[in-house]
Each structure stands twice: as C-alpha cells, then as structure tokens.
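See structure below.
Numbered from 1 within each chain, the chains take letters A, B, ... in sequence-line order.
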2 protein chains.
Amino acid sequence: MNRILYEPGECVKGVVIFRKEKARHIRQVLRAGAGDYLKVGEIDGPMGTGRILNVSSNEVCVAVETEALPRKPPVDLLLALPRPKVLKRLIPQIAALGVGQLFLTNASRVERPYFDTHVLEPETMRALLLEGLTQAGDTLLPKVRVVRRLKVFLEDELHARVDAEERLLLHPHGGEPLFHALHAGQARSSRVLLAVGPEGGWVPFELELFEKAGFRRVGMTHRVLRSDTACVAALAAVAMRGDSRPGRRPGEPAGNFRLFGPL
Amino acid sequence: MNRILYEPGECVKGVVIFRKEKARHIRQVLRAGAGDYLKVGEIDGPMGTGRILNVSSNEVCVAVETEALPRKPPVDLLLALPRPKVLKRLIPQIAALGVGQLFLTNASRVERPYFDTHVLEPETMRALLLEGLTQAGDTLLPKVRVVRRLKVFLEDELHARVDAEERLLLHPHGGEPLFHALHAGQARSSRVLLAVGPEGGWVPFELELFEKAGFRRVGMTHRVLRSDTACVAALAAVAMRGDSRPGRRPGEPAGNFRLFGPL
C-alpha cells in the first residue's frame, strides 16, 4: 500500500479510523506508531498526509491533512473485453498505470459469456480498481463503462464522452510507431484515447468503424503482443511521455515505505 | 500462435510434421490446408516460411524454407525472483517482449521458498518461454539463469556475462526518467541491462551493490508500479526505442492470421 485510501464519509472532522487490513498494514508492514506520518487519500478526492494519533489492536486513528486533487491521467482506454481471468489481473494494473475512463467493449472476437463475469459487478470492479490506486499512490477512480454495442458507441456516443485530441488504435501490423505518435508535435501534451483489441484482433468491419471515428493505427514493436501485455505497455508509454519527473511530485513525501522501516 | 515453432531435430530434409496442439491450431484456427503458407521457425534457429504439403486428422506436413536468424533483443533483464504465481504469468510476457538473457535473482526481499517453485524447472520454464515466443513470432529463447547470490553475481560475474553498455536500475523513487536514459546520445542503439526489484524494493545494501556495478537509477512515472507491471512497461519502452518499424520486418509476411481466414 503506497497510499492508504478512505471513503469520503470515513473522514470526520479531519480524523479517519483505519481498521482490518489497512490497520494491520500500518502496524505490521509500515511498523508505524503514534506521531508517524502516512500517505493517505480520499477515494476520488484529494491526496493527503496523515499523522497517526493512536494505534490499538484493531484500529489506527489518523489526523488527515488534505492536499491537492491529483491530476486526471492524460489517457482513456477502450479495451475489447478480455476473458475474466485476464480482466481480473489487468484491472489493478490499468488503475495503477492510470486512466481517466475505461471502456470495456464488445467486439466480434469477444465471447459473449465474458460479459457474465462477476469481475464486471460494481463491487468487485471497485475493489480491483482500488487495489491498483493504493499501489500507485493515486486517489482518482477510473470511470468504467461497459460498451455492449461498439458500432453505436463509436458512431453516436464517443464524441460526447471522450475529449481526447488523439485517438490511437493499437494494431499489431502496420501503422505509425506509437512512440512517434506520442511525441510528434502537439501530441506530447494532448489527451489520448487508446483502443486495444481482443485476442486475434479487430475484424475489418471494426477497423473501418475506428477509422471513421478518427482513430489512427499505431504499432509498438514488430513482435505480436498478447492483448493484456500490449495494454500495459501502451499505457506505460503514455505515462512515460507525460512524466519527465520520475520520482515524487514536488513537495510530496516519498512512498510510505520510505517514511518507516527499512527502504 | 503467430509463428509455429519446431525443435531443430524435427526438420528432416526440409520437412516438418506438426502434431497435436500445433496441428489442431493450423487446421482449426488458421483453417489452412495443402498449398497454404505459414510462418514457422526453428527454436533458437532461423525463422522461416512453411508451405503445407498435406493435412491429415492428426498431422500437418510442412515444407520449410528458412530465412534469417532473428536479431537478439537489445536488452537483458535482471529480475528479483517474484512469487511463483506472478513468475508463471510473467515469463511468457518477458519472452514475448524479448530479452537476450534473463537473470532471476535472489534479494533481501525475495522469500526463500520462491526458489522451490516448479516454474524454475527447465522443462516448465522452456514451455513458458516458448509460449511467449510463439505469441511474439520470435525463435530465440532467452537464456535464463537463476542467481542465488546477488552480491557475488554483481561483483564477480556480471562483467563476464553481460555486454550491455547501459546498466539501468528501475526504482520507484528518484533517478533519471527511463525515457531520457533510453533516448539520450548513444543510448538509442546500445544494449541495455535492466534491473527490476522485488515487491517492496531493493534494500540500501543492494542499491549500493548496483551502484558500484555501474547501474544508474531510472524511474518511469510518479506512480509506484507493481514489480511485474514495471517489468512489462520497461521492456516495452526498450522495444519501442529500437523499433521504428512497427509492422512486419522487411520482406516478411504478416501474421499467420493475415494469411488465412478473416483478419
């Protein structure tokens, strides 16, 4: 846990009480006690620093001072719904890398039963997203939306829902190198909507829909990557573009584990 | 399967017989028959194109014309051994992204029982590597070595085993942006040795060892990534650097699935 998150309602008069797994983590992993500082954050709200007031066997009481709202990640992701097992391990990674919106879409090569997975239930999804945010030290929950009809979405809804200046379709064969697309001209600072296809790729009809919707085809390497690998790789490429400061943000303390115990 | 691989001994007078899963894939997924062409490759040998001679219920007989040896990927990876479950799903991704050598190393924060996993047994490891190569369309098996004593390795063996000009240590806090490190000056074309730590990071003693061994610290984003996410992200960053041609190699046919059936 690189930032310990709490629900908006959990902070009463500037004090949050952490219980269960979070309390255990503070006590046993961070080995923190009264007077120590923690990186904390309100889910979908500001990040902050917490000073531990007291630690009991099952509760850790923390006085919170909130700081700035985190910036919204400069990328939205449209991902052909992968099979449940892959989805489940991919969601925390997507949240950790950071996206503003996540569209999980149907496609010709997406199997229908994938939509029945419990991973898409709001509670499960939220828990997986929070796992990623806690890891990354962020507080902003990606907005997740399930898209059942890709054509309708691309033709009628995309414009209203996404404000990205660059629409890039990751494709294993052909197209401009993603690296160039992300660094050419204005692209360096623009919002990006990335589309990542299903195993086996998009079918020609879908490729046409994307083209009509203003997507440019981009590729990463001459190697053909699995859809989930490509997804992590491409999001990381966008994150690296926007972030020339690799360490902490200005004025922000380092990770929790730097504040307590051995590095 | 974006390239169907065979063992060196399986090619007799230019003909390979594919059986079991590979034969099934050719028949049912690629829907290929006599006269069709396939992307094939000899494990740790040249890539090639195969012309199907005939297809029976459990065998596919292919005449192979070998082409160039693939280039060795421009990166070696030193990875603190992750827990078995993570290792198992990471190995195919590492092989797909491409590394020359893979050193799986002990570290202060690596738990001893991790070394007992069956994933490290040569047969299991080889199968996982081949899964990644088949996906990526490559034939070169990464050379995997288990490093039990990181200190001895960094002090006494590294120099003889690794010829990378750039030694980069991925670290969540501080350091030069990986992006800069990969694109500054000569770095664009040099071999890279990447070191990725365990969950919780390297301890100070280990960081010193790396520094003495000539590693520079680099970071990717201000977000703290899980070790396996960071690993995929960093390898992809190296791959994108070296590969300004995103599609296929010159003269090489597109992926198997482009040759047969719908895209």
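Scanning all heavy atoms of the two residues, the minimum distance from B/M240 to A/A233 falls at CE-O, 3.8 Å. Shortest non-hydrogen contact noted between A/T221 and B/A239 is CG2-CB, 3.5 Å.
A/L235 does not touch chain B: none of its heavy atoms, backbone or side chain, sits under 4.5 Å away. For B/E131, the part lying near chain A is the side chain, with the backbone staying farther off; criterion is any non-hydrogen pair under 4.5 Å. Residue A/L133 touches chain B through its side chain alone, counting heavy-atom pairs closer than 4.5 Å.
Annotation: side chain of B/D138 is in contact with side chain of A/R223 (closest heavy-atom distance under 4.5 Å). Counting only heavy atoms from C-beta outward, the side chains of B/R71 and A/H222 approach each other to under 4.5 Å.
The residue among B/Q93, B/R226, B/R89, B/Q135 with the most heavy atom pairs within less than 4.5 Å of chain A is B/Q135.
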